[in-house]
Amino acid sequence: MSVETETRPSTSITGRSLAVLLVMCGAIFLEGIDVGMFNVALPSIRADLPMETGELQWIISAYILGYGGFVLLGGRAADLFGRRRVFLIALTVFLAFTGLGALATDPWMLIVARAATGVAAAFMAPAGLSIITTTFTGATRDRAVLIYSGVGAGGFSVGLVAGGLLTMFGWRWVFIAPLVIAAALLAIAVPFIPRAANALAALSRGRLDVLGGLTVTTALVVLVAGIEGAPHRPLLTTVVTFAIGALLLLAFVVVERRAAQPLVRFGIFRHANLVRANLGAALLAGGFLGFQFVVALYLQEELGWSVLETSLALLVSGIDVIIAPLFTPRLVARFGTRRVILGGLVLAALAYALFLPVAPDWTYAMMFPSFLAIGLAFAFAYGPLTIAATEDVEDDEQGLAGGLLYTGFQFGGAIGLAVVSGLLVALESTEAEGVEAYRGALFGPLVFAIAAVAIAAGGVLRRRAVSRV
């Protein structure tokens, strides 16, 4: 009892710190719903604007490429030029181009708007995370990160439902709603986000590794494009794309080893927790997005459910927005970050395994355990993975650590979608049809989850070995 009484004050978040946390949570929630809403708005957009299928997919792909390609650069820019400055500029750009999307009258305007908001999010997300990890300390820091991560993960699930509801009034509302949220956040952020004491000094001495930034950004854009388009392009095109991306990454390594102030200090990868957390995050994102892709096709094409019905069915997976801030901090305090991560990843594997027997006559009650389990998995794994990826890193590299983490999420998600899409295409080319193809594709997310469990279990065992010594 005495220990609890001593530790409670240290985890309370009040005053200006609470305002900062609310702004950061609002920003990551904005990013989550922005992604989720567009997945269900695409048919309405195509009905209103003259867009071919190839153009339509670029509304999603442009955002993915902008985010995945620039997030590492965005994280390092926050370290060098000031987290507050980078966050506010990125939020302003996000606001401006979301407005452009709402006013778009041609497909190219939509695509440009989505690409620009993806780039803005790539700077905003790691800057926001690093503001939290450097503003709070100790147990309060862990609690703030868990709240932040839970709100971000829940935002995607809420976005699925919000997108369905808003699209009923017109697809432009999926731009207008984020526009209003971004404007409100910017108005609150300017007075409440504190200026760093050494911001001007950091700006004067900071030099962004321009050559390294251009090389790695181009490499990431090429690789994300290759992964995203792999199921829909000829094999030779995909191989050539990956080869170009690999060569650019190799060039990036050479540039970084010679740079006086490298974009990525490779010594950061000596932090075993950071490496395991990034791998776990990539596998978690890949499994979830692949699973969601299969489930959406099954519910709409096999069962004939509407977009709104599908969104409402998946809403339970957003339970992490409630569980993460309320219960995950207690679990982390009781069992430690590594064990909570392991438990969450085990739940993810369980969710996918429970869905494997899917049949044409399944009721929602049969699907519910999987949807609930994946929501709990994110509640227990997502936030603690964020803690693990940043806890051993110095303050002046927190932006870089956040950029690496979000790069892992983006690549993991892109790979998961590509794997599941590829499996479906391969199975549909055989005698497998309908539910049989979905069952086969579900092995992709399950393998991702099992691999993530193995990595997390290795971290727990290593911790035990160290503690015994």
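Since this is a predicted model, take the numbers as computed values, not measurements.
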Kindly indicate, with the supporting measurements, whether the criterion side chain to side chain contact (heavy atoms under 4.5 Å, CB included) is fulfilled by Gln410 and Thr407. CA-CA 5 Å; Gln410 288 297 312; Thr407 298; 5.8 Å; no

Stepwise side chain to side chain contact (heavy atoms under 4.5 Å, CB included) test for Leu446 and Phe355: CA-CA 10 Å; Leu446 182 58; Phe355 214 85; over 6 Å; no

Worked check of side chain to side chain contact (heavy atoms under 4.5 Å, CB included) between Val119 and Phe97: CA-CA 11 Å; Val119 174; Phe97 280 92; over 6 Å; no

Assess the residue pair Arg76 and Val264 against the criterion (side chain to side chain contact (heavy atoms under 4.5 Å, CB included)); give the C-alpha distance rounded to whole Å, side-chain angles, the decisive distance to 0.1 Å, and a yes or no. CA-CA 8 Å; Arg76 192 55 181 152; Val264 177; over 6 Å; no

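A distance-only check finds a donor-acceptor pair linking the side chain of Gln398 to the backbone of Val393 [under 3.5 Å]. The backbone N or O of Leu405 lies less than 3.5 Å from a partner atom in the side chain of Asn278, making a donor-acceptor pair. A donor-acceptor distance shorter than 3.5 angstrom exists from the side chain of Ser370 to the backbone of Ala351, with no hydrogens or angles considered. The main-chain N or O of Ala127 is found under 3.5 Å from a side-chain atom of Ser130 such that the two form a donor-acceptor pair. Of the possible polar contacts, one joining the Thr328 side chain to the Ala379 backbone as a donor-acceptor pair under 3.5 Å is found. Under the 3.5 Å distance criterion, the side-chain polar atoms of Arg84 are matched with a main-chain donor or acceptor of Ile193. A donor-acceptor pair under 3.5 Å is formed between the side chain of Glu309 and the backbone N or O of Ser306. Within the 3.5 Å criterion, the main-chain N or O of Thr117 finds no donor-acceptor partner in the side chain of Tyr67.
For the pair Tyr406/Leu129, a side-chain contact is recorded, criterion being any heavy-atom separation below 4.5 Å from C-beta on. Counting heavy atoms from C-beta outward, Phe87 and Met24 have side chains that approach closer than 4.5 Å. Considering only heavy atoms from C-beta on, Leu110 comes within 4.5 Å of Trp171 through its side chain. Two residues are said to be in side-chain contact when any heavy atoms from C-beta on lie closer than 4.5 Å; Pro329 and Asp142 fail this criterion.
Under the side-chain contact (heavy atoms from CB on, under 4.5 Å) rule, Leu345 has a single partner from Leu347, Ile341, Leu342, which is Ile341.
Heavy atoms only, all atoms of each residue included: Glu256 and Gly212 are closest at OE2-CA, 3.5 Å. Taking both residues in full, the closest heavy atoms of Val151 and Cys25 are given as CG1-O, 3.5 Å, listed atom of the first, atom of the second, then distance. Counting all heavy atoms, side chain and backbone alike, Gly459 lies closest to Arg276 at CA-NE, 3.6 Å. Scanning both residues, Val340 and Pro384, for their nearest heavy atoms gives CG1-CG, 4.0 Å. Closest non-hydrogen pair, Trp173 versus Pro178, comes out as O-CD, 4.2 Å. Nearest heavy atom pair, residue Leu284 against residue Ala348, reads CD1-CB, 4.5 Å.
Annotation: the span from Thr134 atom OG1 to Asp395 atom CG amounts to 6.0 Å, rounded to 0.5 Å. The distance from the CG atom of Asp79 to the CG atom of Leu400 is 6.5 Å, given to the nearest 0.5 Å. Taken from CG in Leu326 to CG in Leu331, the straight-line distance is 11.5 Å, to the nearest 0.5 Å. Note: Tyr63 OH to Asp34 CG = 5.0 Å, rounded to the nearest 0.5 Å.
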Under 3.5 Å, side-chain donor or acceptor atoms of residues 447-458 against the rest of the protein: list the pairs with distances, not counting sequence neighbours.
none

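Classification of the Phe70-Phe123 ring pair by plane angle, with boundaries at 30° and 60°, yields tilted. Tyr382 and Phe409 have tilted rings, their planes meeting at an angle from 30° to 60° on a 0 to 90° scale. Relative orientation of the Phe266 and Phe252 rings is perpendicular, given thresholds of 30° and 60° on the angle between their planes. Tyr364 and Phe371 have tilted rings, their planes meeting at an angle from 30° to 60° on a 0 to 90° scale.
No side-chain donor from either of Thr133 and Thr390 sits under 3.5 Å from a side-chain acceptor of the other.
Counting non-hydrogen atoms of neighbouring residues, nucleotides and ligands closer than 6.0 angstrom, the CZ atom of Arg16 exceeds 12 such neighbours.
Not counting sequence neighbours, Gln300 has no partner by the side chain to side chain donor-acceptor pair (under 3.5 Å) test.
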